[in-house]
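Worksheet for the structure shown next.
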Amino acid sequence: MSVSEIQNAEADEVGWEAVADLPPSAKLVAKVLEYNDSLTQSQLAEETLLPPRTVRYALTRLEDVGVVGSRFSFSDARKRIYALTIE
């Protein structure tokens with residue numbers, strides 16, 4: 001194993017360990033993002049069947065621990081696209 005592969009493996013463990021301490025809604029959102037490359041907040045609400053406010057809270061918690069990143073949507077600048085930063 002190369003040094004970068006070891007660092008990636010360590011980052012993955014730290015990331016999922018951080019998710020383990022979060023509320024169930026955040027875990028669900030993280031799992032949905034694991035199976036889908038990137039989704040908007042409304043798409044996450046649709047996929048998880050959670051209320052938009054709960055999805056917003058879950059995304060905030062996931063961003064706080066550094067396992068989710070976001071960027072602006074090119075098609076609609078009012079929306080953000082969320083993606084998991086761990087594998």
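In this structure, the separation between OG1 on Thr85 and CD on Glu63 is 9.5 Å, given to the nearest 0.5 Å. Interatomic distance, CG of Leu44 versus CG of Leu50, reported as 9.0 Å (0.5 Å rounding). Here Leu84 contributes atom CG and Asp37 contributes atom CG; the two are 10.5 Å apart, rounded to the nearest 0.5 Å. Summarising the geometry, atom CD1 belonging to Ile86 is positioned 10.0 Å from atom CD belonging to Glu17; distances are rounded to the nearest 0.5 Å. Atom CZ in Arg71 sits 5.5 Å away from atom OG in Ser38 (nearest 0.5 Å). Between Leu28 atom CG and Thr54 atom OG1 the span is 10.5 Å, to the nearest 0.5 Å.
Contact detail for Ala26 and Ala58: the closest heavy-atom pair is CA-CB, 3.6 Å.
Put simply, the side chain of Lys79 does not reach to within 4.5 Å of the side chain of Gln41, judged on heavy atoms. The shortest distance between side-chain heavy atoms of Leu39 and Glu47 falls below 4.5 Å.
Between the side chain of Asp76 and the main chain of Arg78, a donor-acceptor pair closer than 3.5 Å is present. Listed for the Lys27 side chain is a donor-acceptor partner under 3.5 Å among the backbone atoms of Ala20.
If you chain together hydrophobic residues whose side chains sit under 4.5 Å apart, Val68 and Ile81 never meet in one group. A continuous path of hydrophobic side-chain contacts links Trp16 to Val32 [ILVMFWY only; heavy atoms under 4.5 Å].
Within 6.0 Å of the CD atom in Glu34, the count of heavy atoms belonging to other residues, nucleotides or ligands exceeds 12.
Judged purely by distance below 3.5 Å, without hydrogens or angles, the side chains of Tyr57 and Arg53 never pair a donor atom with an acceptor atom.
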